[in-house]
Student: 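Before anything else, here's the structure in question.
Below, chain A is the first sequence line, B the second, and so on; all start at residue 1.
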Amino acid sequence: MELLQPGLGLLVWTLIAFVIVFFILKKYAWTSILSALKERETGIANAISSAEKVKLEMASLKNENEALMNQAREERAVMIKEAKVASDKMISEAKDKAKGEYDRIIAEAQQAINQQKNAALTDVKNQVGALVIEVSEKILRRELANKSEQENYIKQLAETVKLN
Amino acid sequence: MKSLLVAAFSLFIVTFSNTTFAQENNQNIEKEAKRGEEKSEELKPSELIMEHIMDNHEFHFAEINGNHLAIPLPVIIYSPQRGIAFFSSSNFNHGETAFQGYKLSEKGIIEAVKDDGSQDESVKAYDFSLTRNVVQMFLSLALLLYLVIGVANKYKKNGANTAPSGFQNALEPIITFIRDEVGKSNLGHKYERYMPYLLTVFFFILINNIIGLIPGTANVTGNIAFTLVLAVISLLVILFSTNGHFWMHIFWPPGVPFLVKLILIPVELLGVFIKPAALMIRLFANMVAGHIVITCFILLIFIFGSMSKVAGWGFSPVSIAFTIFIYFIEILVAFIQAFIFTNLTAVFIGQAIEGAHDEAHH
(Lines give C-alpha, C1' and ligand atoms only; values in the text may rest on other atoms or scores of the structure.)
Protein backbone atom coordinates (compact mmCIF):
# COMPACT_ATOMS: atom_id res chain seq x y z
CA MET A 1 0.00 0.00 0.00
CA GLU A 2 1.90 3.00 -1.25
CA LEU A 3 -0.93 5.15 0.11
CA LEU A 4 0.17 4.33 3.64
CA GLN A 5 3.88 4.92 3.04
CA PRO A 6 4.80 8.42 4.10
CA GLY A 7 7.04 10.12 1.58
CA LEU A 8 10.27 11.36 3.12
CA GLY A 9 10.26 14.61 1.17
CA LEU A 10 6.76 15.61 2.17
CA LEU A 11 7.51 14.60 5.75
CA VAL A 12 10.50 16.88 5.98
CA TRP A 13 8.92 19.77 4.12
CA THR A 14 5.73 19.59 6.19
CA LEU A 15 7.74 19.63 9.40
CA ILE A 16 9.78 22.61 8.24
CA ALA A 17 6.68 24.40 7.00
CA PHE A 18 4.75 23.79 10.19
CA VAL A 19 7.55 24.99 12.42
CA ILE A 20 8.10 28.13 10.33
CA VAL A 21 4.40 28.89 10.08
CA PHE A 22 3.98 28.30 13.79
CA PHE A 23 6.70 30.73 14.76
CA ILE A 24 5.70 33.37 12.23
CA LEU A 25 2.04 33.23 13.23
CA LYS A 26 2.90 33.15 16.91
CA LYS A 27 5.08 36.20 16.60
CA TYR A 28 3.08 38.27 14.16
CA ALA A 29 -0.50 37.09 14.49
CA TRP A 30 -1.75 35.07 17.42
CA THR A 31 -0.18 37.13 20.18
CA SER A 32 -1.63 40.38 18.95
CA ILE A 33 -4.99 38.89 17.95
CA LEU A 34 -5.47 37.07 21.25
CA SER A 35 -4.36 40.02 23.33
CA ALA A 36 -6.62 42.32 21.34
CA LEU A 37 -9.56 39.97 21.81
CA LYS A 38 -8.84 39.69 25.50
CA GLU A 39 -8.48 43.42 25.84
CA ARG A 40 -11.76 43.95 24.06
CA GLU A 41 -13.54 41.37 26.17
CA THR A 42 -12.26 42.78 29.44
CA GLY A 43 -13.13 46.24 28.14
CA ILE A 44 -16.68 45.14 27.39
CA ALA A 45 -16.98 43.38 30.74
CA ASN A 46 -15.70 46.49 32.51
CA ALA A 47 -18.06 48.67 30.55
CA ILE A 48 -21.01 46.47 31.49
CA SER A 49 -20.09 46.36 35.17
CA SER A 50 -19.46 50.09 35.28
CA ALA A 51 -22.77 50.68 33.51
CA GLU A 52 -24.43 48.57 36.16
CA LYS A 53 -22.69 50.60 38.83
CA VAL A 54 -23.73 53.85 37.23
CA LYS A 55 -27.29 52.56 37.02
CA LEU A 56 -27.28 51.84 40.74
CA GLU A 57 -25.74 55.20 41.42
CA MET A 58 -28.38 56.85 39.30
CA ALA A 59 -31.11 55.04 41.18
CA SER A 60 -29.69 56.10 44.53
CA LEU A 61 -29.28 59.64 43.22
CA LYS A 62 -32.88 59.62 42.12
CA ASN A 63 -34.00 58.49 45.52
CA GLU A 64 -31.89 61.15 47.11
CA ASN A 65 -33.32 63.74 44.79
CA GLU A 66 -36.84 62.69 45.61
CA ALA A 67 -36.14 62.87 49.32
CA LEU A 68 -34.63 66.30 48.84
CA MET A 69 -37.63 67.39 46.82
CA ASN A 70 -40.03 66.18 49.47
CA GLN A 71 -38.07 67.95 52.15
CA ALA A 72 -38.00 71.09 50.09
CA ARG A 73 -41.74 70.85 49.54
CA GLU A 74 -42.36 70.47 53.24
CA GLU A 75 -40.10 73.37 54.00
CA ARG A 76 -41.87 75.47 51.43
CA ALA A 77 -45.23 74.64 52.94
CA VAL A 78 -43.99 75.54 56.39
CA MET A 79 -42.49 78.77 55.11
CA ILE A 80 -45.67 79.74 53.34
CA LYS A 81 -47.66 79.07 56.45
CA GLU A 82 -45.28 81.10 58.58
CA ALA A 83 -45.29 83.91 56.09
CA LYS A 84 -49.06 83.93 56.08
CA VAL A 85 -49.19 84.06 59.83
CA ALA A 86 -46.62 86.82 59.89
CA SER A 87 -48.39 88.80 57.25
CA ASP A 88 -51.74 88.40 58.99
CA LYS A 89 -50.17 89.55 62.19
CA MET A 90 -48.57 92.50 60.46
CA ILE A 91 -51.84 93.42 58.82
CA SER A 92 -53.77 93.24 62.06
CA GLU A 93 -51.04 95.14 63.88
CA ALA A 94 -51.06 97.75 61.19
CA LYS A 95 -54.81 97.93 61.40
CA ASP A 96 -54.69 98.33 65.16
CA LYS A 97 -52.00 100.93 64.91
CA ALA A 98 -53.90 102.77 62.24
CA LYS A 99 -57.05 102.67 64.33
CA GLY A 100 -55.20 104.01 67.36
CA GLU A 101 -53.68 106.77 65.28
CA TYR A 102 -57.03 107.55 63.81
CA ASP A 103 -58.59 107.73 67.21
CA ARG A 104 -55.82 109.88 68.47
CA ILE A 105 -55.99 112.16 65.44
CA ILE A 106 -59.73 112.44 65.81
CA ALA A 107 -59.42 113.14 69.52
CA GLU A 108 -56.77 115.74 68.88
CA ALA A 109 -58.86 117.24 66.14
CA GLN A 110 -61.83 117.41 68.41
CA GLN A 111 -59.74 118.94 71.09
CA ALA A 112 -58.42 121.49 68.64
CA ILE A 113 -61.87 122.17 67.35
CA ASN A 114 -63.14 122.67 70.86
CA GLN A 115 -60.27 124.98 71.64
CA GLN A 116 -60.84 126.93 68.47
CA LYS A 117 -64.56 127.01 69.21
CA ASN A 118 -63.94 128.23 72.71
CA ALA A 119 -61.44 130.76 71.47
CA ALA A 120 -63.86 131.89 68.81
CA LEU A 121 -66.67 132.05 71.34
CA THR A 122 -64.52 134.06 73.72
CA ASP A 123 -63.57 136.30 70.88
CA VAL A 124 -67.18 136.70 69.83
CA LYS A 125 -68.18 137.30 73.41
CA ASN A 126 -65.50 139.86 73.77
CA GLN A 127 -66.42 141.56 70.55
CA VAL A 128 -70.11 141.45 71.50
CA GLY A 129 -69.26 142.85 74.86
CA ALA A 130 -67.20 145.60 73.30
CA LEU A 131 -69.97 146.26 70.83
CA VAL A 132 -72.48 146.34 73.62
CA ILE A 133 -70.31 148.66 75.52
CA GLU A 134 -69.86 150.86 72.47
CA VAL A 135 -73.55 150.82 71.66
CA SER A 136 -74.40 151.37 75.27
CA GLU A 137 -71.94 154.20 75.34
CA LYS A 138 -73.49 155.74 72.25
CA ILE A 139 -76.97 155.20 73.61
CA LEU A 140 -75.97 156.48 76.95
CA ARG A 141 -74.53 159.58 75.39
CA ARG A 142 -77.64 160.11 73.35
CA GLU A 143 -79.98 159.24 76.18
CA LEU A 144 -78.36 161.56 78.58
CA ALA A 145 -79.64 164.41 76.43
CA ASN A 146 -83.17 163.10 76.57
CA LYS A 147 -84.22 162.28 80.10
CA SER A 148 -87.75 161.03 79.48
CA GLU A 149 -86.72 158.78 76.79
CA GLN A 150 -83.94 157.56 78.93
CA GLU A 151 -86.27 156.65 81.63
CA ASN A 152 -88.53 155.03 79.14
CA TYR A 153 -85.86 152.92 77.88
CA ILE A 154 -84.65 151.94 81.27
CA LYS A 155 -88.14 150.97 82.04
CA GLN A 156 -88.25 148.92 78.93
CA LEU A 157 -85.01 147.21 79.79
CA ALA A 158 -86.09 146.65 83.30
CA GLU A 159 -89.18 144.97 82.13
CA THR A 160 -87.32 142.47 79.96
CA VAL A 161 -84.81 141.76 82.67
CA LYS A 162 -87.40 141.25 85.21
CA LEU A 163 -88.65 138.15 83.57
CA ASN A 164 -85.29 136.56 83.88
CA MET B 1 -19.94 29.71 -6.42
CA LYS B 2 -19.56 26.19 -5.10
CA SER B 3 -21.56 24.62 -7.86
CA LEU B 4 -19.36 26.53 -10.28
CA LEU B 5 -16.38 24.91 -8.64
CA VAL B 6 -18.01 21.56 -9.02
CA ALA B 7 -18.71 22.25 -12.66
CA ALA B 8 -15.11 23.23 -13.19
CA PHE B 9 -13.98 20.16 -11.34
CA SER B 10 -16.16 17.93 -13.44
CA LEU B 11 -14.90 19.52 -16.61
CA PHE B 12 -11.38 19.02 -15.43
CA ILE B 13 -12.04 15.39 -14.60
CA VAL B 14 -13.58 14.93 -18.03
CA THR B 15 -10.42 16.03 -19.79
CA PHE B 16 -8.26 14.36 -17.24
CA SER B 17 -9.99 11.02 -17.61
CA ASN B 18 -10.39 11.18 -21.35
CA THR B 19 -6.74 11.68 -21.87
CA THR B 20 -5.81 8.97 -19.49
CA PHE B 21 -7.73 6.59 -21.69
CA ALA B 22 -5.07 7.20 -24.23
CA GLN B 23 -2.27 6.36 -21.92
CA GLU B 24 -0.30 3.38 -23.03
CA ASN B 25 0.20 1.09 -20.11
CA ASN B 26 1.76 -2.31 -19.89
CA GLN B 27 1.20 -2.64 -16.19
CA ASN B 28 -1.04 -5.24 -14.72
CA ILE B 29 -4.26 -3.63 -13.71
CA GLU B 30 -6.02 -4.64 -10.59
CA LYS B 31 -9.37 -3.80 -11.97
CA GLU B 32 -10.03 -4.45 -15.61
CA ALA B 33 -12.24 -1.72 -16.95
CA LYS B 34 -14.65 -2.12 -19.81
CA ARG B 35 -13.40 -1.59 -23.30
CA GLY B 36 -14.32 1.71 -24.89
CA GLU B 37 -15.29 2.25 -28.45
CA GLU B 38 -11.78 3.05 -29.47
CA LYS B 39 -9.24 0.38 -28.95
CA SER B 40 -6.70 2.52 -27.13
CA GLU B 41 -9.27 3.87 -24.71
CA GLU B 42 -9.07 1.94 -21.54
CA LEU B 43 -10.64 3.00 -18.27
CA LYS B 44 -8.72 2.22 -15.11
CA PRO B 45 -10.71 3.79 -12.27
CA SER B 46 -8.51 2.65 -9.42
CA GLU B 47 -5.42 4.03 -11.08
CA LEU B 48 -7.12 7.31 -11.82
CA ILE B 49 -8.27 7.59 -8.26
CA MET B 50 -4.84 6.77 -6.92
CA GLU B 51 -3.26 9.27 -9.26
CA HIS B 52 -5.63 11.89 -7.96
CA ILE B 53 -4.97 11.10 -4.32
CA MET B 54 -1.27 10.39 -4.35
CA ASP B 55 1.61 12.78 -4.43
CA ASN B 56 3.29 13.48 -7.74
CA HIS B 57 6.36 15.19 -9.08
CA GLU B 58 4.29 17.45 -11.28
CA PHE B 59 0.91 19.10 -11.42
CA HIS B 60 -0.58 16.88 -14.06
CA PHE B 61 -3.79 18.17 -15.56
CA ALA B 62 -4.33 16.32 -18.79
CA GLU B 63 -2.77 14.37 -21.59
CA ILE B 64 -4.11 15.20 -24.99
CA ASN B 65 -2.95 13.01 -27.85
CA GLY B 66 0.24 12.15 -26.04
CA ASN B 67 0.98 15.75 -25.10
CA HIS B 68 1.03 16.21 -21.36
CA LEU B 69 -0.61 19.28 -19.90
CA ALA B 70 1.36 19.55 -16.69
CA ILE B 71 3.42 21.91 -14.56
CA PRO B 72 6.79 20.29 -13.85
CA LEU B 73 8.15 20.72 -10.34
CA PRO B 74 11.72 20.72 -9.05
CA VAL B 75 13.27 17.41 -8.08
CA ILE B 76 15.79 17.36 -5.24
CA ILE B 77 17.51 14.09 -4.51
CA TYR B 78 20.12 13.40 -1.92
CA SER B 79 22.14 10.27 -2.20
CA PRO B 80 25.03 9.39 0.13
CA GLN B 81 26.95 8.02 -2.84
CA ARG B 82 26.15 10.61 -5.50
CA GLY B 83 25.46 13.80 -3.54
CA ILE B 84 22.67 16.22 -4.22
CA ALA B 85 20.88 16.37 -7.56
CA PHE B 86 18.58 19.22 -8.46
CA PHE B 87 16.63 19.39 -11.73
CA SER B 88 13.18 19.78 -13.18
CA SER B 89 10.81 16.84 -13.14
CA SER B 90 10.13 17.45 -16.82
CA ASN B 91 13.46 15.73 -17.47
CA PHE B 92 11.86 12.44 -16.49
CA ASN B 93 9.46 12.81 -19.39
CA HIS B 94 6.65 11.45 -17.23
CA GLY B 95 8.59 8.41 -16.24
CA GLU B 96 9.72 7.52 -19.70
CA THR B 97 13.37 8.56 -19.50
CA ALA B 98 16.10 8.51 -16.90
CA PHE B 99 18.01 11.66 -15.99
CA GLN B 100 21.30 12.05 -14.13
CA GLY B 101 21.14 8.41 -13.16
CA TYR B 102 17.64 8.63 -11.68
CA LYS B 103 14.37 7.33 -13.01
CA LEU B 104 10.77 7.71 -12.00
CA SER B 105 9.38 4.28 -11.21
CA GLU B 106 5.91 3.20 -12.12
CA LYS B 107 4.83 3.84 -8.56
CA GLY B 108 6.05 7.42 -8.82
CA ILE B 109 9.10 6.80 -6.69
CA ILE B 110 12.47 8.07 -7.79
CA GLU B 111 15.05 5.30 -8.08
CA ALA B 112 18.70 5.33 -8.90
CA VAL B 113 19.44 3.46 -12.13
CA LYS B 114 22.51 2.08 -13.78
CA ASP B 115 23.58 3.19 -17.22
CA ASP B 116 21.68 0.37 -18.85
CA GLY B 117 18.41 1.45 -17.23
CA SER B 118 18.02 -1.22 -14.62
CA GLN B 119 17.55 -0.28 -10.97
CA ASP B 120 20.73 0.27 -8.99
CA GLU B 121 20.06 -1.23 -5.57
CA SER B 122 23.41 -0.17 -4.16
CA VAL B 123 22.63 3.57 -4.44
CA LYS B 124 20.29 4.96 -1.83
CA ALA B 125 18.26 7.94 -3.07
CA TYR B 126 16.47 10.19 -0.63
CA ASP B 127 13.77 12.17 -2.38
CA PHE B 128 13.33 15.70 -1.03
CA SER B 129 11.61 16.92 -4.17
CA LEU B 130 9.16 19.76 -4.11
CA THR B 131 6.29 17.53 -5.12
CA ARG B 132 2.86 18.86 -5.86
CA ASN B 133 1.80 18.32 -2.25
CA VAL B 134 4.78 20.28 -1.00
CA VAL B 135 4.34 23.11 -3.49
CA GLN B 136 0.63 23.32 -2.85
CA MET B 137 1.17 23.27 0.88
CA PHE B 138 3.66 26.12 0.59
CA LEU B 139 1.22 28.13 -1.51
CA SER B 140 -1.65 27.47 0.91
CA LEU B 141 0.50 28.45 3.86
CA ALA B 142 1.62 31.62 2.11
CA LEU B 143 -2.06 32.43 1.63
CA LEU B 144 -2.73 31.60 5.28
CA LEU B 145 0.10 33.81 6.47
CA TYR B 146 -1.06 36.63 4.24
CA LEU B 147 -4.65 36.42 5.48
CA VAL B 148 -3.94 35.91 9.17
CA ILE B 149 -1.15 38.46 9.44
CA GLY B 150 -3.34 40.93 7.54
CA VAL B 151 -6.05 40.43 10.12
CA ALA B 152 -3.54 40.66 12.97
CA ASN B 153 -2.29 43.97 11.60
CA LYS B 154 -5.86 45.22 11.55
CA TYR B 155 -6.11 44.49 15.26
CA LYS B 156 -2.87 46.35 15.84
CA LYS B 157 -3.90 49.28 13.68
CA ASN B 158 -7.48 49.72 14.84
CA GLY B 159 -6.90 48.85 18.47
CA ALA B 160 -8.86 46.38 20.50
CA ASN B 161 -12.00 48.36 20.93
CA THR B 162 -13.09 48.88 17.33
CA ALA B 163 -15.59 46.52 15.79
CA PRO B 164 -13.99 43.99 13.42
CA SER B 165 -14.30 44.64 9.71
CA GLY B 166 -13.89 42.63 6.53
CA PHE B 167 -12.04 39.35 6.80
CA GLN B 168 -11.57 40.01 10.50
CA ASN B 169 -15.25 39.13 10.85
CA ALA B 170 -14.66 35.71 9.32
CA LEU B 171 -11.58 34.92 11.36
CA GLU B 172 -12.59 36.28 14.73
CA PRO B 173 -15.45 33.87 15.47
CA ILE B 174 -13.22 30.94 14.49
CA ILE B 175 -10.42 32.14 16.73
CA THR B 176 -12.76 32.78 19.65
CA PHE B 177 -14.40 29.40 19.05
CA ILE B 178 -11.04 27.62 19.19
CA ARG B 179 -10.07 29.62 22.24
CA ASP B 180 -13.32 29.05 24.15
CA GLU B 181 -14.50 25.62 23.03
CA VAL B 182 -11.14 23.97 22.44
CA GLY B 183 -8.69 25.84 24.64
CA LYS B 184 -10.60 26.97 27.70
CA SER B 185 -12.92 23.98 27.98
CA ASN B 186 -10.11 21.40 27.76
CA LEU B 187 -7.12 23.14 29.27
CA GLY B 188 -8.70 25.31 31.93
CA HIS B 189 -6.72 28.29 33.12
CA LYS B 190 -3.54 27.07 31.41
CA TYR B 191 -5.09 27.48 27.95
CA GLU B 192 -3.19 30.62 27.03
CA ARG B 193 0.11 28.80 26.76
CA TYR B 194 -1.27 26.42 24.13
CA MET B 195 -3.37 28.82 22.10
CA PRO B 196 -0.72 29.64 19.45
CA TYR B 197 -0.11 25.94 18.85
CA LEU B 198 -3.79 25.00 18.74
CA LEU B 199 -4.68 27.89 16.44
CA THR B 200 -1.76 27.11 14.15
CA VAL B 201 -2.72 23.44 13.92
CA PHE B 202 -6.33 24.30 13.22
CA PHE B 203 -5.62 26.80 10.47
CA PHE B 204 -2.78 24.70 9.09
CA ILE B 205 -5.15 21.78 8.55
CA LEU B 206 -8.11 23.93 7.55
CA ILE B 207 -6.37 25.88 4.81
CA ASN B 208 -4.86 22.71 3.34
CA ASN B 209 -8.21 20.92 3.52
CA ILE B 210 -9.98 23.75 1.74
CA ILE B 211 -7.34 24.39 -0.89
CA GLY B 212 -7.21 20.63 -1.48
CA LEU B 213 -10.89 20.72 -2.42
CA ILE B 214 -10.27 23.04 -5.35
CA PRO B 215 -10.40 20.95 -8.52
CA GLY B 216 -6.98 20.12 -9.91
CA THR B 217 -5.16 20.62 -6.64
CA ALA B 218 -3.34 18.01 -4.64
CA ASN B 219 -4.71 16.10 -1.70
CA VAL B 220 -2.30 17.41 0.92
CA THR B 221 -4.18 16.61 4.11
CA GLY B 222 -5.06 13.19 2.76
CA ASN B 223 -1.41 12.26 2.67
CA ILE B 224 -0.12 10.13 5.51
CA ALA B 225 3.18 11.99 5.67
CA PHE B 226 1.40 15.25 6.32
CA THR B 227 -0.81 13.85 9.06
CA LEU B 228 2.14 11.91 10.50
CA VAL B 229 4.08 15.13 11.00
CA LEU B 230 1.13 16.80 12.69
CA ALA B 231 0.55 13.76 14.88
CA VAL B 232 4.20 13.62 15.92
CA ILE B 233 4.14 17.31 16.76
CA SER B 234 1.03 16.87 18.86
CA LEU B 235 2.63 13.85 20.55
CA LEU B 236 5.64 15.99 21.41
CA VAL B 237 3.43 18.76 22.71
CA ILE B 238 1.49 16.26 24.81
CA LEU B 239 4.66 14.67 26.19
CA PHE B 240 6.20 18.03 27.04
CA SER B 241 3.03 18.99 28.88
CA THR B 242 2.86 15.89 31.04
CA ASN B 243 3.26 16.04 34.79
CA GLY B 244 4.02 13.46 37.42
CA HIS B 245 0.37 12.82 38.01
CA PHE B 246 -0.07 11.74 34.40
CA TRP B 247 2.80 9.26 34.53
CA MET B 248 1.66 8.00 37.90
CA HIS B 249 -1.67 7.11 36.35
CA ILE B 250 0.07 5.21 33.60
CA PHE B 251 2.68 3.29 35.62
CA TRP B 252 0.67 2.80 38.78
CA PRO B 253 -3.03 3.15 38.02
CA PRO B 254 -4.74 3.84 41.34
CA GLY B 255 -7.67 1.85 42.60
CA VAL B 256 -7.09 -1.43 40.69
CA PRO B 257 -5.78 -4.78 41.91
CA PHE B 258 -2.12 -5.58 41.38
CA LEU B 259 -2.63 -8.10 38.59
CA VAL B 260 -4.86 -5.74 36.67
CA LYS B 261 -2.15 -3.15 37.04
CA LEU B 262 0.25 -5.40 35.19
CA ILE B 263 -2.17 -5.54 32.29
CA LEU B 264 -3.09 -1.90 32.46
CA ILE B 265 0.45 -0.52 32.40
CA PRO B 266 1.33 -1.59 28.85
CA VAL B 267 -2.15 -0.67 27.67
CA GLU B 268 -1.88 2.80 29.16
CA LEU B 269 1.64 3.21 27.83
CA LEU B 270 0.53 2.21 24.36
CA GLY B 271 -2.37 4.61 24.69
CA VAL B 272 0.04 7.50 24.86
CA PHE B 273 1.20 6.69 21.33
CA ILE B 274 -2.07 5.37 19.97
CA LYS B 275 -3.88 8.64 20.66
CA PRO B 276 -1.76 10.71 18.22
CA ALA B 277 -1.69 7.77 15.83
CA ALA B 278 -5.48 7.84 15.82
CA LEU B 279 -5.31 11.55 15.07
CA MET B 280 -3.04 10.83 12.14
CA ILE B 281 -5.23 8.10 10.70
CA ARG B 282 -8.49 9.96 11.28
CA LEU B 283 -7.49 13.05 9.33
CA PHE B 284 -5.78 11.04 6.62
CA ALA B 285 -8.64 8.58 6.16
CA ASN B 286 -11.33 11.24 6.19
CA MET B 287 -9.69 13.38 3.56
CA VAL B 288 -8.72 10.45 1.37
CA ALA B 289 -12.19 9.01 1.59
CA GLY B 290 -13.76 12.30 0.61
CA HIS B 291 -11.52 12.68 -2.41
CA ILE B 292 -12.09 9.07 -3.43
CA VAL B 293 -15.84 9.42 -3.23
CA ILE B 294 -15.88 12.58 -5.33
CA THR B 295 -13.57 11.08 -7.92
CA CYS B 296 -15.64 7.90 -7.96
CA PHE B 297 -18.85 9.74 -8.71
CA ILE B 298 -17.21 11.59 -11.56
CA LEU B 299 -15.63 8.40 -12.85
CA LEU B 300 -18.99 6.64 -12.81
CA ILE B 301 -19.90 8.77 -15.82
CA PHE B 302 -17.01 7.29 -17.76
CA ILE B 303 -17.57 3.79 -16.53
CA PHE B 304 -21.11 4.02 -17.84
CA GLY B 305 -19.82 5.88 -20.88
CA SER B 306 -17.48 3.04 -21.71
CA MET B 307 -20.45 0.67 -21.76
CA SER B 308 -22.41 2.90 -24.07
CA LYS B 309 -22.38 6.56 -24.87
CA VAL B 310 -26.04 6.93 -24.00
CA ALA B 311 -25.55 5.46 -20.56
CA GLY B 312 -22.65 7.83 -19.94
CA TRP B 313 -24.60 10.91 -20.94
CA GLY B 314 -27.68 9.67 -19.16
CA PHE B 315 -25.87 9.03 -15.92
CA SER B 316 -23.95 12.28 -15.86
CA PRO B 317 -26.71 14.42 -14.24
CA VAL B 318 -27.09 11.87 -11.46
CA SER B 319 -23.36 11.72 -10.98
CA ILE B 320 -22.99 15.48 -10.97
CA ALA B 321 -25.81 15.79 -8.45
CA PHE B 322 -24.14 13.30 -6.14
CA THR B 323 -20.80 15.01 -6.61
CA ILE B 324 -22.29 18.35 -5.65
CA PHE B 325 -23.84 16.75 -2.60
CA ILE B 326 -20.55 15.15 -1.54
CA TYR B 327 -18.75 18.41 -2.24
CA PHE B 328 -20.90 20.23 0.25
CA ILE B 329 -20.25 17.49 2.76
CA GLU B 330 -16.53 17.75 2.06
CA ILE B 331 -16.57 21.47 2.76
CA LEU B 332 -18.18 20.62 6.07
CA VAL B 333 -15.67 17.84 6.67
CA ALA B 334 -12.78 20.22 5.97
CA PHE B 335 -13.86 22.30 8.96
CA ILE B 336 -14.92 19.38 11.12
CA GLN B 337 -11.69 17.45 10.69
CA ALA B 338 -9.57 20.51 11.42
CA PHE B 339 -11.66 21.08 14.52
CA ILE B 340 -11.54 17.43 15.62
CA PHE B 341 -7.78 17.24 15.25
CA THR B 342 -7.32 20.42 17.25
CA ASN B 343 -9.93 19.51 19.82
CA LEU B 344 -8.59 16.01 20.45
CA THR B 345 -5.07 17.36 20.71
CA ALA B 346 -6.36 19.79 23.31
CA VAL B 347 -8.17 16.97 25.10
CA PHE B 348 -4.97 14.90 25.24
CA ILE B 349 -2.96 17.87 26.44
CA GLY B 350 -5.68 18.45 29.02
CA GLN B 351 -5.29 14.87 30.23
CA ALA B 352 -1.55 15.32 30.44
CA ILE B 353 -1.68 18.51 32.48
CA GLU B 354 -4.62 17.70 34.70
CA GLY B 355 -3.88 17.74 38.39
CA ALA B 356 -4.60 15.35 41.21
CA HIS B 357 -8.07 16.81 41.73
CA ASP B 358 -9.46 14.53 39.03
CA GLU B 359 -8.78 11.37 40.99
CA ALA B 360 -12.26 9.95 40.57
CA HIS B 361 -12.18 10.39 36.81
CA HIS B 362 -10.42 7.29 35.61
Student: What part of B:V288 gets within 4.5 angstrom of chain A, counting heavy atoms only: side chain, backbone, both, or neither?
Tutor: side chain

Student: Can you name the closest pair of heavy atoms from A:F22 and B:P196 and give their distance?
Tutor: CE1-C, 3.7 Å

Student: Identify which of B:L199, B:V148, B:I175 forms the greatest number of heavy-atom pairs closer than 4.5 Å to chain A.
Tutor: B:L199

Student: May I ask you to test the B:L144-A:L25 pair for a side-chain heavy-atom distance under 4.5 Å?
Tutor: yes

Student: Can you say whether B:F204 sits under 4.5 Å from chain A via the side chain, the backbone, both, or neither, judging by heavy atoms?
Tutor: side chain

Student: Counting only heavy atoms from other residues, nucleotides and ligands, does the tally under 6.0 Å from NZ of A:K26 exceed 12?
Tutor: no

Student: Which heavy atom of B:T162 sits nearest to which heavy atom of A:R40, and what is that distance?
Tutor: O-NH2, 3.5 Å

Student: Using side-chain heavy atoms (C-beta onward) and a distance below 4.5 Å, is A:Q5 in contact with B:I224?
Tutor: no

Student: At what distance, to the nearest 0.5 angstrom, does OG1 of A:T14 lie from CE of B:M137?
Tutor: 4.0 Å

Student: Is the count of non-hydrogen atoms from other residues, nucleotides or ligands lying under 6.0 Å from A:R104 atom CZ greater than 12?
Tutor: yes

Student: Can you confirm whether B:L145 sits close enough to A:Y28 that some side-chain heavy atom of one is under 4.5 Å from a side-chain heavy atom of the other?
Tutor: no

Student: Counting distance only, does the side-chain N/O of A:W30 pair as donor-acceptor with the main-chain N or O of B:M195 below 3.5 Å?
Tutor: no

Student: In Å, rounded to the nearest 0.5 Å, how long is the span from CZ of A:F18 to OH of B:Y197?
Tutor: 5.5 Å

Student: Step by step, would you call B:I149 with A:I24 a side chain to side chain contact (heavy atoms under 4.5 Å, CB included)?
Tutor: CA-CA 9 Å; B:I149 290 175; A:I24 290 178; 3.7 Å; yes

Student: So which of B:L130, B:I281, B:I53, B:I109 has the biggest tally of heavy-atom pairs under 4.5 Å with chain A?
Tutor: B:L130

Student: Quick check on B:D127 against chain A: is it the side chain, the backbone, both or neither that has a heavy atom closer than 4.5 Å?
Tutor: backbone

Student: Of the non-hydrogen atoms in A:W13 and B:S129, which two are nearest, and what is the gap between them?
Tutor: NE1-O, 3.5 Å

Student: Rounded at 0.5 Å granularity, tell me how far CG in B:N223 sits from CG in A:L11.
Tutor: 9.0 Å

Student: Could you tell me the separation between the CG atom of A:L8 and the OH atom of B:Y78, rounded to the nearest 0.5 Å?
Tutor: 12.0 Å

Student: From B:Q168 CD over to A:I33 CD1, what is the distance, rounded to the nearest 0.5 angstrom?
Tutor: 8.0 Å

Student: Looking at every heavy atom in both B:R179 and A:K38, which two are closest together, and how far apart are they?
Tutor: NH1-N, 4.4 Å

Student: Using 0.5 Å steps for rounding, measure from the CZ atom of B:F128 to the CG atom of A:L10.
Tutor: 12.0 Å

Student: Looking at A:F23, I want to see if its CZ is surrounded by more than 12 non-hydrogen atoms of other residues, nucleotides or ligands under 6.0 Å.
Tutor: no

Student: Indicate yes or no: at least one non-hydrogen side-chain atom of A:I20 is less than 4.5 angstrom from one of B:L141.
Tutor: no

Student: Please indicate whether B:K156 has more than 12 foreign heavy atoms, meaning atoms of other residues, nucleotides or ligands, lying under 6.0 Å from its NZ.
Tutor: yes

Student: So which of B:P164, B:G159, B:G222 has the biggest tally of heavy-atom pairs under 4.5 Å with chain A?
Tutor: B:P164

Student: Taking the side chain as everything from C-beta on, heavy atoms only, tell me whether A:S32 gets closer than 4.5 Å to B:K154.
Tutor: no

